[in-house]
Chemist: 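Take this structure first; my questions come after.
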Amino acid sequence: MRYTKYFIPTYKEDPSEAEVISHKLMLRAGMIRKITTGIYTYLPLGLRCIRKVENIVRDEMNRAGAIELLMPAFQPAELWKESGRWDYYGKELLRFKDRYGRDACLGPTHEEVITAIVRNEIHSYKQLPVNFYQIQTKFRDEIRPRFGIMRCREFIMKDAYSFDADEEGANKSYEIMKETYHRIFKRCGFRFSMVEADTGTIGGSYSHEFMVLADTGEDQIVVCEKCGYAANLEKAEVSEIAEFQDEPELPMQEVDTPDIKSIEEVSSFLNVSPKKLVKTLICLVDEKPVAALVRGDHELNEIKLRNLFGAEQIRLADEEIVQEITGAPVGFAGPVGLKIKIVADHSIKGMKNFVTGANKKDKHLINVNIGRDFQVDTFADIRFITPQDRCPRCGNDILFKRGIEVGHIFKLGTKYSKAMNATFTDKDGKEKPFVMGCYGIGIGRCVAAAIEQSHDENGIIFPISIAPFEVIVLPVQMNDADVVKEAEKIYHKLLEAGIDVIIDDRDERAGVKFNDADLIGIPIRVTVGKKALKEQKLELKLRSEKEKELIPLSSVPEIVINKVKELYDSLK
RNA sequence: CGGGACGUAGCUCAGUCUGGUAGAGCACCGCCUUCGGGAGGCGGGGGUCGCAGGUUCAAAUCCUGUCGUCCCGACCA
């Protein structure tokens with residue numbers, strides 16, 4: 001490719017619309033441009049990176065035996081009503097009516113469509129297992145799109161769906177995808193971690209996320225370096241440690257706490273540690289009120305609570321409902337005398353003489369005790385893990401890290417096949433629902449994550465596997481015929497060798513070219529300058545390293561080709 | 001949906017408080033010089049100041065509304 005025949009509109013300054021580094025750099029490098037909130041054009045350079053990631057993904061999916069197809073983005077509402085997600089998915093599903101007034105949506109994911117296809121086309125266990133995948137544009141009307149293409153409303157995703165005859169087969173398919181994902185992300189040059197995750201709106205029995213480790217990541221993950229346990233913060237289990245406090249139960253007492261509501265306020269007003277407080281949160285679990293109890297210094301994990309009840313929706317009750325249930329304004333709720341179901345975190349079990357709200361305005365209770373003053377219906381793990389907690393598997397220290405979710409795999413089981421009546425005939429002649437799995441990779445997000453993970457003050461440092469070009473040939477003096485001639489020669493030799501090379505043939509000053517080459521992150525730079533040329537030499541520089549190397553003109557293109565190979569090998 | 005910030009040239013921003021001829025740098029076009037880390041000179045083009053009302057002799061500037069953008073949160077995954 002010739003720079004002058006291509007289109008790479010770079011910016012010198014950070015655009016005001018961007019906050020995080022990958023977003024800034026993608027705009028500056030001329031990779032993407034915003035059309036409206038969460039909607040982007042991939043400019044030629046950005047598209048090249050997208051295609052490189054796609055090709056890695058395609059290559060590895062094919063190797064794993066998955067079969068590529070392409071489903072429509074346009075999806076009729078009927079399918080979503082069959083699966084039950086038309087009502088459940090919420091506003092994130094981009095809905096519309098066609099000219100006849102029929103409900104439809106733009107697909108945020110394709111469980112419904114693939115299940116509809118498979119139930120019509122696959123009828124025998126002999127055709128199983130099978131794994132279909134596609135690389136396609138998805139639509140999710142995110143409530144708050146941000147960070148450029150990291151979280152946007154229209155994005156390219158690889159999604160795959162496996163169908164098996166039984167649990168065992170489904171587990172095998174899941175394991176194959178796990179392995180495949182490790183290979184893919186390795187080839188993308190990521191430092192990443194696979195973590196246990198919640199299944200969210202996709203549903204199913206269990207799932208893992210693949211997180212690229214980066215400080216700016218949206219997700220918090222918890223890892224144990226000793227045993228390898230790793231989980232999304234919201235999923236991370238808390239081990240049931242019962243710290244029984246050995247003290248006599250004191251008489252419960254009501255105290256005045258005028259306008260003292262928050263944990264901090266109560267704690268300092270009564271001069272007790274937040275660990276002596278119990279928070280009572282009134283939640284609506286599928287619209288039924290439940291009181292959730294956690295220690296003052298802990299946070300309720302609503303997802304755990306939702307999963308405990310197997311509920312679809314959960315939310316904190318608003319002021320009116322709290323008033324109705326507790327008889328007091330928000331801030332004074334307590335378990336004593338409550339008529340609704342009470343769920344308490346394990347950490348409450350051993351507490352004695354703690355503080356709670358009194359269900360009266362401006363009153364709290366001190367020296368409250370379980371069993372004597374109120375009953376707990378269920379003890380469960382319903383809080384977020386904290387850095388003070390131990391690894392739920394091995395009991396060692398845990399670390400908190402941040403990550404960018406680039407892949408997510410789900411064991412779906414028969415959730416969709418049952419709901420949509422997708423069955424096959426098994427060996428024994430019986431009709432059975434397919435056991436499914438689904439597997440996603442955010443293609444664009446991979447590009448953003450790569451930048452987030454690897455950049456410096458001059459710009460992007462792409463791993464060679466997803467860089468827009470592998471090599472840039474940079475003639476320094478465009479007014480020197482020899483320099484231009486040699487640069488052209490090298491460019492053509494590399495092209496012939498099958499290298500993805502660009503020559504910066506612009507009549508620009510050297511500084512401009514160097515800065516652009518650094519900004520867009522081309523891994524290998526071959527600089528042709530008249531000084532070195534006099535000695536029959538060229539300069540070779542890796543974007544990832546500071547040092548330059550002079551190489552003999554006669555050794556090109558071999559040295560460069562070897563360098564390319566070397567960089568690829570480092571990603572295996 | 002709540003809180004905050006912002007909207008002036010392609011980009012980054014000044015000017016708004018205190019109303020009075022719409023600016024700078026970069027980018028773009030032409031000429032000259034320069035040529036290994038975002039060059040310099042001279043000349044030039046480009047903006048209904050987000051939009052709509054209002055106040056005023058006069059509005060980028062003050063008031064009201066509205067749209068859009070970004071950040072934080074809620075929500076969602």
Side-chain angles (χ1 to χ4, degrees), chain A residues 9-20 23-24 27-28 30 33-39 85 88-94 108-109 138 140-148 150-153 155 157 195 197-204 207 209 211 216-220 232-235 302-303 306-307 312-316 318-319 403-408 410 438 440 442 445 457-459 474-480 483-484 487 504 506-520 525-534 537-539 541 543 546 548 550:
Chain A
T10 57
Y11 292 152
K12 250 193 246 186
E13 287 166 294
D14 283 339
S16 58
E17 73 185 59
E19 197 71 18
V20 300
H23 188 194
K24 282 182 186 171
L27 287 164
R28 283 191 55 199
R33 290 292 183 261
K34 185 177 68 180
I35 295 301
T36 183
T37 308
I39 304 287
R85 287 206 291 185
Y88 179 49
Y89 214 98
K91 282 191 178 168
E92 206 175 309
L93 183 62
L94 199 54
T109 174
K138 297 278 186 281
R140 292 185 189 174
D141 202 359
E142 293 278 350
I143 197 155
R144 183 144 101 85
R146 56 186 149 171
F147 307 150
M150 196 91 85
R151 179 171 293 278
C152 51
R153 299 193 291 170
F155 58 99
M157 178 170 163
V195 306
D198 186 68
T199 54
T201 48
I202 305 287
S207 88
E209 287 170 339
M211 295 285 192
T216 48
E218 282 192 283
D219 294 88
Q220 272 216 290
N232 192 307
L233 178 65
E234 68 196 17
K235 175 74 178 178
E302 292 180 29
I303 289 167
R306 186 189 69 196
N307 291 342
E312 294 207 332
Q313 300 273 340
I314 187 158
R315 62 189 169 97
L316 282 176
D318 49 41
E319 266 174 63
I404 299 162
E405 179 191 344
V406 289
H408 201 160
F410 300 81
C438 80
R445 196 180 271 185
E457 65 282 0
N458 297 320
L474 195 155
V476 174
Q477 299 90 3
M478 291 304 286
N479 55 356
D480 184 314
V483 167
V484 173
D504 192 344
R506 291 178 299 171
D507 189 13
E508 286 284 356
R509 296 166 66 85
V512 173
K513 294 188 181 187
F514 287 137
N515 281 315
D516 276 337
D518 285 349
L519 176 62
I520 65 180
R525 188 179 84 196
V526 178
T527 312
V528 185
K530 67 179 161 190
K531 239 202 219 153
L533 207 54
K534 269 190 197 141
K537 291 207 167 142
L538 298 172
E539 182 189 293
K541 185 181 174 299
R543 178 66 181 87
K546 284 245 162 6
K548 304 162 189 167
L550 281 177

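Here the structure is a predicted model, which is why all the values come from computation and not from measurement. Each chain gets a letter, A, B and so on, in the order the sequences are listed, and its residues count up from 1.
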Chemist: Find which nucleotide of RNA chain B each of A:S16 and A:I143 is nearest to by heavy atoms, and output the residue with the more 5' nucleotide.
Modeler: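 Counting from the 5' end, the first nearest nucleotide belongs to A:S16.
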Chemist: Under a 3.5 Å limit for both distances, which nucleotide forms a Watson-Crick or G-U wobble pair with B:A60, could you say?
Modeler: none
Chemist: For the side chain of A:R525 and the base of B:G37, is some donor closer than 3.5 Å to an acceptor across the two?
Modeler: yes
Chemist: May I ask which nucleotide in the shown strands pairs with B:C75, Watson-Crick or G-U wobble, both distances under 3.5 Å?
Modeler: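 Paired with no nucleotide.
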Chemist: With both distances under 3.5 Å as the test, what is the Watson-Crick or G-U wobble partner of B:A5?
Modeler: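 Looking at the geometry, B:A5 pairs with B:U69.
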Chemist: At their closest point, which heavy atom of A:K91 faces which heavy atom of A:D141, and how far apart are they?
Modeler: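 That would be O-CB, 3.7 Å.
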Chemist: Under 4.0 Å, counting only non-hydrogen atoms across every strand here, what does A:G90 touch: a base, just sugar-phosphate, or nothing?
Modeler: nothing
Chemist: Return the nearest nucleotide to the side chain of A:T36; candidates are B:A27, B:U69, B:C71.
Modeler: B:U69
Chemist: Does A:R28 reach a base, just sugar-phosphate, or nothing at all? Heavy atoms under 4.0 Å.
Modeler: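 Counting heavy atoms under 4.0 Å across all strands, the contact made by A:R28 includes a base.
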Chemist: Could you check A:T37 against A:R315 and say which one's nearest nucleotide on RNA chain B is further toward the 5' end?
Modeler: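 Nearest-nucleotide comparison on RNA chain B picks A:T37.
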Chemist: Could you measure between the two P atoms, the one in B:A58 and the one in B:U48, and give it in whole Å?
Modeler: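 Between the two P atoms, the distance is 22 Å.
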Chemist: Look at all strands and tell whether A:N458 reaches a base, only sugar-phosphate, or nothing, counting heavy atoms closer than 4.0 Å.
Modeler: nothing
Chemist: What's the closest nucleotide to the side chain of A:R146 if the choices are B:G73, B:U12, B:U69?
Modeler: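 Nearest to the side chain of A:R146 among the choices is B:G73.
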Chemist: Quote, to the nearest angstrom, the P distance that separates B:C29 from B:G45.
Modeler: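 Approximately 15 Å lies between the P atom of B:C29 and that of B:G45.
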Chemist: Name the nucleic acid region contacted by A:D516, choosing base, sugar-phosphate or nothing; use a 4.0 angstrom heavy-atom cut-off, strictly under.
Modeler: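 If one applies the 4.0 Å heavy-atom cut-off, A:D516 turns out to touch a base.
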Chemist: Under a 3.5 Å limit for both distances, which nucleotide forms a Watson-Crick or G-U wobble pair with B:C17, could you say?
Modeler: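 With both distances under 3.5 Å required, B:C17 matches none.
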Chemist: Which is true for A:E17 with a 4.0 Å heavy-atom rule: it touches a base, it touches only sugar-phosphate, or it touches nothing?
Modeler: sugar-phosphate
Chemist: If you check every side-chain atom of A:R144, which of B:C71, B:G37, B:A27 has the closest atom?
Modeler: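 From the listed options, B:C71 comes nearest.
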Chemist: Taking the same atom, P, in B:G54 and in B:G43, what whole-Å distance lies between them?
Modeler: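 Taking atom P in both B:G54 and B:G43, they lie 43 Å apart.
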Chemist: Checking all strands, does A:E218 fall into the base, sugar-phosphate, or nothing category for heavy-atom contacts under 4.0 angstrom?
Modeler: nothing
Chemist: Which part of the nucleic acid does A:E539 contact within heavy-atom distance under 4.0 Å: base, sugar-phosphate only, or nothing?
Modeler: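 The answer is base, as A:E539 lies within the cut-off (heavy atoms under 4.0 Å) of a base atom.
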Chemist: Say you pick atom C1' in B:A9 and the same atom in B:G23; how far apart are they, in whole Å?
Modeler: 10 Å
Chemist: Which part of the nucleic acid does A:K34 contact within heavy-atom distance under 4.0 Å: base, sugar-phosphate only, or nothing?
Modeler: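 Sugar-phosphate contact only - A:K34 comes under 4.0 Å of backbone atoms but never of a base.
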Chemist: Side chain of A:P15 only, please: which of B:U12, B:G36, B:G37 is the nearest?
Modeler: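 The answer is B:U12.
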Chemist: Any base atoms under 4.0 Å from A:R33, or only sugar-phosphate, or nothing? Heavy atoms, all strands.
Modeler: nothing
Chemist: Determine whether a donor-acceptor pair (one donor, one acceptor, N or O, separation below 3.5 Å) exists between the side chain of A:E508 and the base of B:G38.
Modeler: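 No such pair is found, so the answer is no.
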Chemist: Return the nearest nucleotide to the side chain of A:A532; candidates are B:C26, B:A39, B:G36.
Modeler: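 Of B:C26, B:A39, B:G36, B:G36 is nearest to the side chain of A:A532.
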Chemist: Please give the nucleotide sitting opposite B:U12 as a Watson-Crick or G-U wobble pair, both distances under 3.5 Å, or none.
Modeler: B:A24
Chemist: Could you measure between the two C1' atoms, the one in B:C72 and the one in B:G46, and give it in whole Å?
Modeler: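 To the nearest whole Å, 38 Å.
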Chemist: If the test is side chain to side chain donor-acceptor pair (under 3.5 Å), which one of A:H23, A:E218, A:E19 qualifies with A:R146?
Modeler: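 For A:R146, the side chain to side chain donor-acceptor pair (under 3.5 Å) test succeeds with only one of A:H23, A:E218, A:E19, which is A:E218.
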Chemist: Find the partner of B:C31: check Watson-Crick (N1-N3 plus N6-O4 or O6-N4) and G-U wobble (N1-O2, O6-N3) distances, both under 3.5 Å, and reply none if neither fits.
Modeler: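 Looking at the geometry, B:C31 pairs with B:G41.
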Chemist: If the P atom of B:A22 is compared with that of B:G4, how far apart are they to the nearest Å?
Modeler: 34 Å
